[in-house]
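In what follows, a single structure is set out as structure tokens and then discussed.
Counting starts at 1 for both ligands and their atoms, following the listed order.
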Amino acid sequence: ASLSEEGMDVTVYSKSHTADCIEENGVKRCGIFKEISVPAGKVKVIRNYGEACQAYDYIIISAKTMADEEIAKSLDNNRNIIAPEGKIVIFQNGWGNDEVFLKYFDKNEVYNARIITGFERVTPENSKVTVHTAPILLGSLYGADNSCMEPLAAAINNSGIPSEVSADIGKALWAKMLFNTTLNPLGAILNSSYGELSESESACDIMNQLIDETYSVLLAEHLETFWSTPEEYRKVFYEKLVPDTYKHRSSTLQDIEKGQKTEIDTLNGCIISLARRNGIDVPGHRMIYKLIKSIEEKMLTSK
Ligand SMILES: NC(=O)C1=CN([C@@H]2O[C@H](COP(=O)(O)OP(=O)(O)OC[C@H]3O[C@@H](n4cnc5c(N)ncnc54)[C@H](OP(=O)(O)O)[C@@H]3O)[C@@H](O)[C@H]2O)C=CC1
Ligand SMILES: CC(C)(CO)C(=O)C(=O)O
């Protein structure tokens, strides 16, 4: 809705009922920031990649991370839908999502977005913006020219959601990893909003341990975020990030409530893999990961 409102020619790929809803009703954005309603027909819909009759400047990846392998393969098989200078832009939580796309595409073709704005789909074609704490950032993890991201950031920004290009997208993605891996699974396990977690002393002990462990992995991997110590991060976390998103129930909790698999593998699962390859232990992340996996197993076997 945001991009179409700003004059971009937008096509949505969907294999499900979402396609019918968008064709019939157009797309809408409601919630905080301005409300946008794009009439039926303005946003095109395709149900398979072969139906696309143009080449796109941006291919926005906004499915859950579990779909990435299938999407990357399909894009590779349908390269004609990507313009010669076109870019794949990953709008997902997690770290390492680009690796799946880099099996098929060059480093200068794959960009990342960091989003700390919350969206809920009220109906398949209507998204509600629920929380926001920092601009959507766009950039290359590999030092590729970021100027191609300017029109995309400008369109999102002009649609009312702050957005900018960032030369520090790696640091920004790790800031988001710290946020999601600390709050999301614990919120799902305890059925609590971010704010409720911060009010429990015991939950804070667990979150503080997770933050410490993530920092030990960052150090071992020579990766950086915006705060150089766990203490510095905790200050921003408890004083700014959690208050700004106080009532939010994590996407991990929402996935479990919907009876669907979570993105735990590209969140805490990724931290565990990075820790393992550096020979360090992250017992808090391991425990949290296993608890989410147990919940998923129970949920999927009782279906
Ligand atoms: N929601 C949020 O607040 C935020 C989400 N994110 C990240 O954005 C990503 C998407 O999350 P969210 O929008 O909540 O998820 P939703 O489940 O609402 O939407 C995911 C979309 O992916 C589509 N999809 C599923 N499988 C495929 C596939 N194989 N190929 C193409 N499209 C597919 C679905 O299409 P269909 O409708 O046809 O089933 C659906 O529209 C996640 O990585 C999440 O972490 C990041 C920050 C905030
Ligand atoms: C808080 C939010 C919506 C921020 O983007 C998020 O990342 C999540 O729930 O997983």
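Close N/O approach between N93 and ligand 1 is found [any backbone or side-chain N/O within under 3.5 Å]. Geometrically, ligand 1 and Y13 share no nitrogen or oxygen pair separated by less than 3.5 Å. At a 3.5 angstrom cut-off on N or O pairs, S16 counts as close to ligand 1. Residue F91 places at least one N or O, backbone or side chain, under 3.5 Å from an N or O of ligand 1. Annotation: F119 places an N or O atom under 3.5 Å from an N or O atom of ligand 1; distance criterion only. For ligand 1, the polar-atom distance check against S14 finds a nitrogen or oxygen pair separated by under 3.5 Å. At a 3.5 angstrom cut-off on N or O pairs, Y49 does not count as close to ligand 1.
With respect to atom 15 (O) of ligand 1, the closest heavy atom belonging to the protein is K64 CE, 3.5 Å. Remark: minimum distance from atom 22 (O) of ligand 1 to any protein heavy atom is reached at A63 CA, 3.2 Å. Nearest non-hydrogen protein atom to atom 40 (C) of ligand 1 is R121 NH2, 3.5 Å. Scanning all protein heavy atoms for the shortest distance to atom 37 (O) of ligand 1 gives T18 OG1, 2.5 Å. Distance from atom 43 (O) of ligand 1 to its nearest protein heavy atom, with residue and atom name: E263 OE2, 2.6 Å.
Near K176, meaning under 4.0 Å from one of its heavy atoms, ligand 1 places the atoms 47 (C). Listed by atom number, the atoms of ligand 1 under 4.0 Å from K15 heavy atoms are 29 (N), 38 (O). Proximity to G118 (heavy-atom distance under 4.0 Å) selects the following atoms of ligand 1: 3 (O). Using a 4.0 Å cut-off to heavy atoms of S62, the atoms of ligand 1 that qualify are 9 (C), 10 (C), 20 (C), 21 (C), 22 (O).
Checking D168 against S166 by side-chain atom types alone, no donor-acceptor pair falls below 3.5 Å. Side chains of D255 and T262: a donor-acceptor N/O pair is absent below 3.5 angstrom, by distance only. In the model, R29 has no side-chain atom that pairs as donor or acceptor with a side-chain atom of N126 under 3.5 Å. Defined by atom type and a distance below 3.5 Å, a donor-acceptor pair is missing between the side-chain atoms of Q92 and K64. Side-chain contact, Y289 with D265: a donor N or O sits under 3.5 Å from an acceptor N or O. Between the side chains of E232 and S228, a donor-acceptor pair is found at a separation under 3.5 Å.
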Under 3.5 Å donor-acceptor pairs involving side-chain atoms of residues 56-63, not counting sequence neighbours:
from, atom 1, to, atom 2, distance (Å)
Y56, OH, T11, OG1, 2.9
Y58, OH, C148, O, 2.6

Show every donor-acceptor pair shorter than 3.5 Å between a side-chain atom in residues 276-283 and any protein atom, with sequence neighbours excluded, or say none if there are none.
from, atom 1, to, atom 2, distance (Å)
R277, NE, E221, OE2, 2.9
R277, NH2, E221, OE1, 2.8
R277, NH2, E221, OE2, 3.3
N278, ND2, E221, OE2, 2.7
N278, ND2, L274, O, 2.7
D281, OD1, R286, NE, 3.0
D281, OD1, R286, NH2, 3.1
D281, OD2, R286, NH2, 3.2

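When heavy-atom distances to ligand 1 are checked against a 4.0 Å cut-off, E70 comes that close only through its side chain, counted from C-beta outward. With a 4.0 Å cut-off on non-hydrogen atoms, T117 touches ligand 1 through its backbone and not its side chain. Looking at R47 against ligand 1, nothing comes within 4.0 Å, counting heavy atoms. With a heavy-atom cut-off of 4.0 Å, E120 does not touch ligand 1 at all.
Remark: among candidates S250, A67, P124, the nearest residue to atom 28 (C) of ligand 1 is A67, based on non-hydrogen atoms.
Sorted by first and then second residue, the pairs that involve residues 119-166 and meet ring pair (Phe, Tyr, Trp, His ring centres under 6.0 Å), not counting sequence neighbours, are F33-H132.
Aromatic ring orientation, W95 versus W174: tilted (interplanar angle from 30° to 60°).
A salt bridge does not link K87 to E109: none of the charged nitrogens lies less than 4.0 Å from a carboxylate oxygen. Between E23 and R47 there is a salt bridge, with a side-chain nitrogen of the basic residue lying less than 4.0 Å from a carboxylate oxygen of the acidic one. Salt-bridge annotation for E70 and K15: present, with a side-chain N of the basic residue lying under 4.0 Å from a carboxylate O of the acidic one. Remark: E296 engages K293 in a salt bridge, criterion side-chain N to carboxylate O under 4.0 Å. R234 and D212 are joined by a salt bridge, as a carboxylate oxygen and a charged side-chain nitrogen come within less than 4.0 angstrom of each other.
Listed for the N158 side chain is a donor-acceptor partner under 3.5 Å among the backbone atoms of A154.
Proximity of atom 5 (C) of ligand 1 to the protein is not indicated, since no non-hydrogen protein atom lies closer than 4.0 angstrom. Checking atom 34 (C) of ligand 1 against the protein gives no heavy-atom contact under 4.0 Å.
You'll find the ring centres of F101 and F105 outside the 6.0 Å limit.
Using a heavy-atom distance under 4.0 Å as the criterion, the protein contacts of ligand 2 are N93, I115, I116, T117, G118, K176, F179, N180, N184, Y194, H248, S250, S251.
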